[in-house]
Enquirer: 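The structure's right below; bear with me while I get my questions together.
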Amino acid sequence: TNNNNNNNNNLKQCMSTARDPSECKDFREDYLECLHHKKEFQRTNAVQAEADRQRGEEAGKILEKVEKHIWDTSWGEVKGKDEEEKA
């Protein structure tokens, strides 16, 4: 709340002394960000989306390995005595 008041005061001071309101654009952006946290939420969502994407890629790699082992039938082959002696 204190930070919000500082941003509000900065914006008020700028608006009262500026010749053109566009000079106070940065103060206005800071004030609105403190009120609504829009940029913070966008950043948080972007980080979360990237983490989800990376987890999805890793899960896909693990799934490929699991499926390979599930469908690998070589473990079920019966070897004859001749083949066992060669191994």
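Start at 1 with the first residue, then count along the sequence. Being a predicted model, the structure only gives us computed values, none of them experimental.
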Enquirer: Is it true that K61 and E64 make a salt bridge, defined as a side-chain N closer than 4.0 Å to a carboxylate O?
Expert: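 Salt bridge absent between K61 and E64.
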Enquirer: Not counting sequence neighbours, which residues clear side-chain contact (heavy atoms from CB on, under 4.5 Å) with C24? List them please.
Expert: L11, C14, M15, A18
Enquirer: Would you say L32 ends up clustered with F41 if hydrophobic residues are merged whenever their side chains have heavy atoms under 4.5 Å apart, either directly or through other cluster members?
Expert: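 Hydrophobic grouping puts F41 apart from L32.
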Enquirer: Is it possible for you to say whether W71 and V66 belong to one hydrophobic cluster, with membership spreading through side-chain heavy-atom contacts below 4.5 Å?
Expert: yes
Enquirer: Is a side-chain donor-acceptor pair under 3.5 Å present for Q54 with E50?
Expert: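 Note: E50 and Q54 side chains meet the donor-acceptor criterion.
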Enquirer: Measuring from atom NZ of K25 to atom CG of D30, what distance do you get when rounded to the nearest 0.5 angstrom?
Expert: 10.5 Å
Enquirer: Where the side chain of E40 meets the backbone of E33, is there a donor-acceptor pair that is under 3.5 Å apart?
Expert: no
Enquirer: To the nearest 0.5 angstrom, please state how far the CG atom of N9 sits from the CZ atom of F27.
Expert: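 Reported value, rounded in 0.5 Å steps: 11.0 Å.
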Enquirer: Listed by chain and number, what are the side chain to side chain donor-acceptor pair (under 3.5 Å) partners of R55, not counting sequence neighbours?
Expert: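 Result, side chain to side chain donor-acceptor pair (under 3.5 Å) vs R55: D52.
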